[in-house]
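What follows is a short report on a single structure.
Just so you know, ligand 1 is whichever comes first in the structure, and atom 1 is the first atom listed for that ligand. When reading the values below, keep in mind they use all heavy atoms of this one structure, side chains included, and skip hydrogens, waters and symmetry mates.
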Amino acid sequence: MSSPVPTIRLKPRKALPFHCQHPWVFATAIGRIEGNPDTGDEVRLVSESGEFIARGLYNPSSKIRVRLYRWEDLPLDADYWRLLIQRAVGLRKLLFSEGSDAARFCRLVFSEGDGLSGLTVDRYGDFLLTQWTSAALFERRDLLISLLAEEASPSGIWRRTEKNMGHLEGLEAHDGLVWGSEPPAKIDVVENGVTYNVDVVSGQKTGFYYDQRENRRAVANFTSGANVLDVCSYTGSFGLNALVHGKAASVLAVDSSQSAIDGALEHARVNNVSDRYSVEVGDAFDTLQRLASESRRFEVVVLDPPKLARTRSGLQRALKAYVRWNEMAMQVTAPGGILATCSCSGHVSRDDLEHVLVEAAQRAGRTVQIIEERGQASDHPVSAHCLETSYLKCFICRIL
Ligand code: SAH
């Protein structure tokens, strides 16, 4: 007979979020542990009075002591994991027509957004790139990888590791091939009809940010004949959409990373728009300041900074930085021009970003009309039960 599933009993009055299907049980909510679970073991979560709530996986090394996956008292077995992966793959089939660029280049599994807390999978054509942010789920990797291989039929599956997972989760993993054949060092990613050679092995995250796909296309609706400034350009994608779809007159891409700028230049060449494309390697704020002091003005400015608020405690400081960056971006936006301003920090709410714009406008002496309040691409679904999955904001604004 198999041993009973250990039980995690909550403290009094802690059950509500988990009844509402929030998947993260922090150590501080736990009253008692019945049994002796180890990392990756399946556990039952019950209220203080013993009422069943959900099944999850245990990790004694993480502040998120239990991640929940199933809200019925049934096992987390292979059939159930398969169902979750099928649902994730099914959503992308619903979103993107078969054989389309987006079907071939998209996020296939978005962690909590797909009910799979701790696993992110990006599809790069025939290859899948996996990232694990839960040591407990990582214990199930062999099963999950074989299910992914069956449900998504890739040629190969590669693992990328997130920094900091040793510290946060006790997860020690290395990059490398985990199934099938090795991906080429550079993959031709096609998004919105624009081609990128993406270094999936050593690029940022899994090499390309799919979450801005629809925003890149939306911004290009405003770029006809415009001089565009693409700040924090990485692969160059906002600017390239502006040139290829939006008939922009010119793009200046700025990024502090030389390799990002090298990539952007290469992508401009591949898409035959080099003649209208120029670049600068430098700090965004310093560069904006310099451009402002030279009285340079752009009809369209894109500002897509890295995550400035990494922790809740760092939020106030980060908001100040957002204000300063946006103030400078407004300074270089031509009167009546467009500023597409983004934040990928989950800790920064939509309200926060609106307040940032008000303060930045005040300092820059400008007036802001928000034309579109956009979010992340649809292959990064927001779980209504875990609003932390709603992280990307992209506001398209007219700056008067
Ligand atoms: N716009 C890009 C994604 C940007 S990610 C896209 O659509 O794919 C953030 C980028 O900001 C990274 O490429 C990083 O190199 C760059 N970055 C980080 N700090 C910076 C700074 N202080 N100044 C300029 N660029 C910076």
**Message:** Does only the side chain of Ser237 get under 4.0 Å from ligand 1, or the backbone, or both, or neither? Count heavy atoms.
**Reply:** side chain
**Closest candidate by heavy atom, reference atom 24 (C) of ligand 1, pool Gly239, Ala260, Ala284, Cys394** = Ala284
**Message:** Just to be sure I'm reading this right: ignoring hydrogens, which of Gly282, Ser256, Ala253 gets closest to atom 17 (N) of ligand 1? Compare them by their nearest heavy atoms.
**Reply:** Ser256
**Request:** Check whether any N or O atom of Asp230, backbone or side chain, sits under 3.5 Å from an N or O atom of ligand 1, and answer yes or no.
**Result:** no
**Request:** Run the numbers for me: atoms of ligand 1, each under 4.0 Å from some heavy atom of Ser233, listed by number.
**Result:** 1 (N), 2 (C)
**Request:** Look only at the side chain of Arg55 and the backbone of Tyr69, and say whether a donor-acceptor pair between them is shorter than 3.5 Å.
**Result:** no
**Asked** Does a side-chain heavy-atom distance below 4.5 Å link Glu388 with Glu112?
**Response** no
**Item:** More than 12 heavy atoms of other groups within 6.0 Å of Gln362 CD
**Value:** no
**Prompt:** Is the shortest distance from a heavy atom of Cys344 to ligand 1 less than 4.0 Å?
**Reply:** no
**Request:** Report, as yes or no, whether the 6.0 Å neighbourhood of atom CG on Asn36 holds more than 12 heavy atoms from other residues, nucleotides or ligands.
**Result:** no
**Prompt:** Under 3.5 Å, is there a donor-acceptor pair between the side chain of Ser111 and the main chain of Gly118?
**Reply:** yes
**Prompt:** Of all residues at least two apart in sequence or in a different chain, which pass the side-chain hydrogen bond (donor to acceptor under 3.5 Å, both in side chains) check with Glu98?
**Reply:** none
**Prompt:** Does Arg140 use its side chain to pair, donor to acceptor, with the backbone of Gly40 at less than 3.5 Å?
**Reply:** yes
**Message:** Suppose I only count heavy atoms of Arg216 and a 4.0 Å limit; which atoms of ligand 1 are within that range?
**Reply:** 6 (C), 7 (O), 8 (O)
**Message:** Taking side-chain contact (heavy atoms from CB on, under 4.5 Å) as the definition, give me every residue that meets it alongside Ser62, ordered by chain and number, with sequence neighbours left out.
**Reply:** Asn59, Ile64, Glu169
**Request:** Answer with side chain, backbone, both or neither: which part of Cys342 has a heavy atom less than 4.0 angstrom from an atom of ligand 1?
**Result:** neither
**Asked** Under 3.5 Å, is there a donor-acceptor pair between the side chain of Arg297 and the main chain of Gln331?
**Response** yes
**Message:** For Arg217, is there an ion pair with Glu214 - N to carboxylate O distance below 4.0 angstrom?
**Reply:** no
**Request:** Could you tell me whether some N/O pair between Gln212 and ligand 1 is separated by less than 3.5 angstrom?
**Result:** no
**Asked** Relative to ligand 1, is Trp325 under 4.0 angstrom through side chain, backbone, both or neither, heavy atoms considered?
**Response** side chain
**Request:** Taking atom NZ of Lys11 as the centre, report whether more than 12 heavy atoms of other residues, nucleotides or ligands fall under 6.0 Å from it.
**Result:** yes
**Asked** Are more than 12 heavy atoms from other residues, nucleotides or ligands located less than 6.0 Å from atom NE2 of His22?
**Response** yes
**Request:** Please identify which atoms of ligand 1 are closer than 4.0 Å to at least one heavy atom of Ser257.
**Result:** 15 (O)
**Request:** Can you sort out which atoms of ligand 1 are near Asp283, meaning under 4.0 Å from one of its heavy atoms?
**Result:** 21 (C), 22 (N), 23 (N)
**Prompt:** So which of Gly236, Pro306, Ala340 gets nearest to atom 18 (C) of ligand 1, if we judge by its closest heavy atom?
**Reply:** Pro306
**Complete:** Within 4.0 Å of some non-hydrogen atom of Tyr234, the atoms of ligand 1 are 2 (C), 3 (C), 4 (C), 8 (O), 13 (O)
**Request:** Measure Tyr209 to ligand 1 on non-hydrogen atoms and call it side chain, backbone, both or neither using the 4.0 Å cut-off.
**Result:** side chain
**Asked** Does an N or O from Pro305, backbone or side chain, lie closer than 3.5 Å to an N or O of ligand 1?
**Response** no
**Request:** Compute the shortest N/O to N/O distance between Asp304 and ligand 1 and return yes if it is under 3.5 Å, no if not.
**Result:** yes
**Request:** Give the contacting part of Phe238 toward ligand 1: side chain, backbone, both or neither, where contact means a heavy-atom distance below 4.0 Å.
**Result:** side chain
**Message:** Just to check, does Tyr196 reach to within less than 4.0 Å of ligand 1 when the distance is taken from its heavy atoms?
**Reply:** no
